[in-house]
Amino acid sequence: MNICVYKDAEAIGTAAAALFAACVTQNPRCVLGLATGSSPLPTYQKMAEMYRAGAVDFSGVTTYNLDEYVGIDHTHAQSYYCFMMENLFRHINVKQENIHVPSGVAPDLEKECADYEAAIEAAGGIDLQILGIGRNGHIAFNEPSDSFPPATHTVELTESTINANKRFFASADDVPRRAVTTGIGTIMKARAIVLVATGADKAEAVRAMAKGPVTPRCPASILQFHPRATILLDEAAASLL
Ligand code: GLP
């Protein structure tokens with residue numbers, strides 16, 4: 001993995017957005033893998049700025065998001081679909097029909113997972129995937145476990161993740177307990193990956209990811225085996241490396 005340390009979240013956002021701009025410029029019909037959470041927000045702001053400046057045209061791009069909560073639909077304010085609309089999609093010219101976020105309310109969630117995985121493959125696979133990292137080393141909603149999930153699946157969220165994400169909900173009790181998430185296999189098939197992390201509370205997860213053993217107990221550690229994984233950190237997140 002290629003690790004770069006920047007002075008702050010804004011500088012990380014500029015660097016990550018430049019990778020997206022390069023991807024879209026090289027192939028205007030590329031497939032982008034997108035993430036939620038606060039870590040990618042500066043990247044999305046910079047992507048929107050580049051679009052407004054006429055530097056990047058997203059009209060041919062297809063997007064697939066990593067995950068969605070089970071039990072809340074895409075009109076729910078805390079859904080990851082709404083998050084993406086609010087923070088990226090409504091600020092750029094990606095076509096509505098090219099946007100994909102898994103459904104957490106599909107009547108048959110197993111089928112939804114299989115269909116989502118197949119749709120990514122049919123689109124030609126993901127060219128560039130952005131990731132954040134959870135405090136317990138999760139990526140997307142792949143929580144620490146005994147094996148690396150190969151494909152899109154449903155998961156039970158850990159207390160650590162529920163606690164970290166409760167800030168977006170009225171209370172911890174309102175945070176959904178389950179999610180649909182792309183698998184570690186899905187993520188590792190992306191041709192290039194950029195992971196962004198800031199702040200001291202991510203330092204231990206970043207250390208385990210980059211310097212610890214490759215193990216499903218720290219799902220992000222698998223990125224050590226990705227040939228094109230770029231890790232963008234601020235000094236606090238990099239402090240244990
Ligand atoms: C959620 C998301 C992850 C994200 C993580 C960290 O659990 N499913 O994709 O990486 O939160 O979020 P943040 O960037 O807000 O710390």
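Sequential numbering from 1 along the given sequence is applied to the chain's residues. Note that the structure is predicted; figures quoted are calculated from it, not measured. Each ligand, and each atom within it, is numbered from 1 in the order the structure gives.
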Task: Minimum-distance protein heavy atom relative to atom 14 (O) of ligand 1 - done: S39 OG, 2.5 Å

Task: Among S38, S160, A140, closest by any non-hydrogen atom to atom 9 (O) of ligand 1 - done: A140

Open item on the list: Which residue and atom name correspond to the protein heavy atom nearest atom 12 (O) of ligand 1, and how close is it?
Closed with: G37 CA, 3.9 Å

Open item on the list: I'd like to know if the side chain of N142 and the backbone of T182 have a donor-acceptor N/O pair within less than 3.5 Å.
Closed with: yes

- [ ] May I ask you to decide if V24's main-chain N or O and N27's side chain share a donor-acceptor pair within less than 3.5 Å?
- [x] no

TODO: Considering only non-hydrogen protein atoms, determine which one is nearest to atom 16 (O) of ligand 1 and report residue, atom name and distance to 0.1 Å.
DONE: K202 NZ, 2.6 Å

Open item on the list: Among all the protein's non-hydrogen atoms, which is closest to atom 8 (N) of ligand 1, and how far away is it?
Closed with: D67 OD2, 2.9 Å

Task: Which of the ligand 1 atoms, numbered from 1, are nearer than 4.0 Å to a heavy atom of G132 - done: 10 (O)

- [ ] Of the side chain and backbone of R167, name the one, both, or neither that has a heavy atom under 4.0 Å from an atom of ligand 1.
- [x] side chain

Task: Aromatic plane relationship, H74 with Y81 - under 30° parallel, 30 to 60° tilted, over 60° perpendicular - done: parallel

- [ ] Applying side-chain hydrogen bond (donor to acceptor under 3.5 Å, both in side chains) between Y69 and each of T181, T36, N165, report the one that passes.
- [x] N165

- [ ] If you have a sec, work out which protein heavy atom is nearest atom 4 (C) of ligand 1 and how many Å separate them, to one decimal?
- [x] T36 O, 4.1 Å

TODO: Answer yes when K166 and D174 have at least one side-chain N-carboxylate O distance shorter than 4.0 Å, and no when they do not.
DONE: no

Open item on the list: Just to be sure I read this right, does ligand 1 sit under 4.0 Å from the backbone of Y80, its side chain, both, or neither, counting only heavy atoms?
Closed with: side chain

Open item on the list: For a quick test of reading the model, state the closest non-hydrogen atom pair linking A16 to V196 and the distance between them.
Closed with: CB-CG1, 4.2 Å

- [ ] Can you pull out the closest protein heavy atom to atom 6 (C) of ligand 1? Residue, atom name and distance to 0.1 Å, please.
- [x] I133 O, 3.7 Å

TODO: Please name the pair of heavy atoms, one in P40 and one in I130, separated by the smallest distance, quoted to 0.1 Å.
DONE: CB-CD1, 4.0 Å

TODO: Sorted by first residue and then second, give each ring-ring contact (aromatic ring centres under 6.0 Å, His included) pair with at least one member in residues 83-117; sequence neighbours left out.
DONE: Y64-H100, Y64-Y116

- [ ] Name the closest protein heavy atom to atom 7 (O) of ligand 1, giving the residue it belongs to and the distance to 0.1 Å.
- [x] H138 NE2, 2.9 Å

